[in-house]
Amino acid sequence: MKEIERKQSTESFKLHVQRSIRQMRQSKGLSQAQLAKKMISNVDQSTISNWESGKSEMSMSQLLDVLFIFGVDLDSYFSFLRRD
């Protein structure tokens with residue numbers, strides 16, 4: 001994969017993560033503060049807000065924690081990584 005394609009794919013995935021966190025949280029009726037309290041790592045409401053707005057990026061372990069909280073199938077969430 002060329003550098004420009006990697007950059008585009010990375011940016012696209014970051015946007016996907018932002019949107020999916022907000023969508024999952026809202027679909028379960030959780031506030032940002034409620035999601036923050038469920039997290040294993042010490043985060044607060046403003047951290048969740050920053051993730052959802054793209055102001056900051058989460059670590060991989062934080063992303064996995066969010067996906068586990070919402071019962072998301074990791075294989076389907078990360079299916080873009082598969083090269084068939």
Side-chain angles (χ1 to χ4, degrees):
M1 181 181 283
K2 294 181 180 180
E3 183 177 349
I4 190 80
E5 293 170 327
R6 284 194 337 265
K7 184 175 182 177
Q8 289 171 341
S9 293
T10 300
E11 292 301 317
S12 176
F13 183 67
K14 286 171 31 179
L15 185 58
H16 170 72
V17 169
Q18 288 171 231
R19 290 178 179 163
S20 66
I21 292 170
R22 179 178 288 123
Q23 181 183 29
M24 289 183 290
R25 179 181 60 75
Q26 290 176 338
S27 74
K28 296 293 184 182
L30 293 177
S31 68
Q32 291 173 338
Q34 289 169 319
L35 175 56
K37 286 181 183 179
K38 290 181 176 283
M39 298 286 298
I40 292 171
S41 58
N42 188 20
V43 300
D44 58 19
Q45 176 275 325
S46 64
T47 302
I48 304 295
S49 176
N50 287 339
W51 292 342
E52 290 181 357
S53 67
K55 290 181 183 175
S56 65
E57 293 181 23
M58 60 194 337
S59 70
M60 181 58 73
S61 62
Q62 290 168 325
L63 175 58
L64 287 172
D65 191 22
V66 168
L67 296 177
F68 290 148
I69 287 168
F70 293 113
V72 173
D73 176 65
L74 298 181
D75 188 47
S76 63
Y77 195 84
F78 292 103
S79 63
F80 76 98
L81 294 171
R82 240 182 276 128
R83 300 238 173 197
D84 297 330

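Side-chain atoms are counted along with the backbone in the values below, which use heavy atoms only and exclude waters and symmetry mates.
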Asker: Tell me, yes or no, whether the heavy-atom count around Ile40 atom CD1, taken from other residues, nucleotides or ligands under 6.0 Å, exceeds 12.
Answerer: no
Asker: Answer yes or no: is there a side-chain heavy-atom contact under 4.5 Å between Met39 and Ile69?
Answerer: yes
Asker: Taking side chain as C-beta onward, heavy atoms only, is Arg25 less than 4.5 Å from Glu52?
Answerer: yes
Asker: Please say which of Glu11, His16, Gln18 ends up in a side chain to side chain donor-acceptor pair (under 3.5 Å) with Lys14.
Answerer: Glu11
Asker: Search all heavy atoms of Ser59 against all heavy atoms of Gln62 and return the closest pair with its distance.
Answerer: N-OE1, 2.8 Å
Asker: What's the separation between atom OG1 in Thr10 and atom CE in Met1, rounded to the nearest 0.5 Å?
Answerer: 8.0 Å
Asker: Please examine the side chains of Val43 and Met58, heavy atoms only from C-beta on, and report whether any two atoms are closer than 4.5 Å.
Answerer: no
Asker: Report the distance from atom CD1 of Ile21 to atom CG of Leu67, rounding to the nearest 0.5 Å.
Answerer: 8.0 Å
Asker: State whether the number of non-hydrogen atoms from other residues, nucleotides or ligands found under 6.0 Å of Gln34 atom CD is greater than 12.
Answerer: yes
Asker: Kindly check if the number of other-residue, nucleotide or ligand heavy atoms within 6.0 Å of CG (Asn42) is above 12?
Answerer: no
Asker: Would a 4.5 Å heavy-atom cut-off, applied to side chains only, mark Val66 and Val17 as touching?
Answerer: no
Asker: Just checking, is any N or O donor in the side chain of Thr47 or Asp44 under 3.5 Å from an acceptor N or O on the other one?
Answerer: yes
Asker: Would you give the length of the straight line joining atom CZ of Phe70 to atom CG of Leu35, rounded to the nearest 0.5 angstrom?
Answerer: 4.5 Å
Asker: Main chain of Ser76, side chain of Ser79: is a donor-acceptor contact present, judged purely on distance under 3.5 Å?
Answerer: yes
Asker: Starting at NZ of Lys7, measure out to OG of Ser12 and round the result to the nearest 0.5 Å.
Answerer: 14.0 Å
Asker: Can you tell me how far CG of Leu15 sits from OG of Ser20, rounded to the nearest 0.5 angstrom?
Answerer: 9.5 Å
Asker: Under 4.0 Å between a side-chain nitrogen and a carboxylate oxygen: does that hold for Arg6 and Glu3?
Answerer: no
Asker: Any chance you could measure Phe13, atom CZ, to Tyr77, atom OH, to the nearest 0.5 Å?
Answerer: 5.0 Å
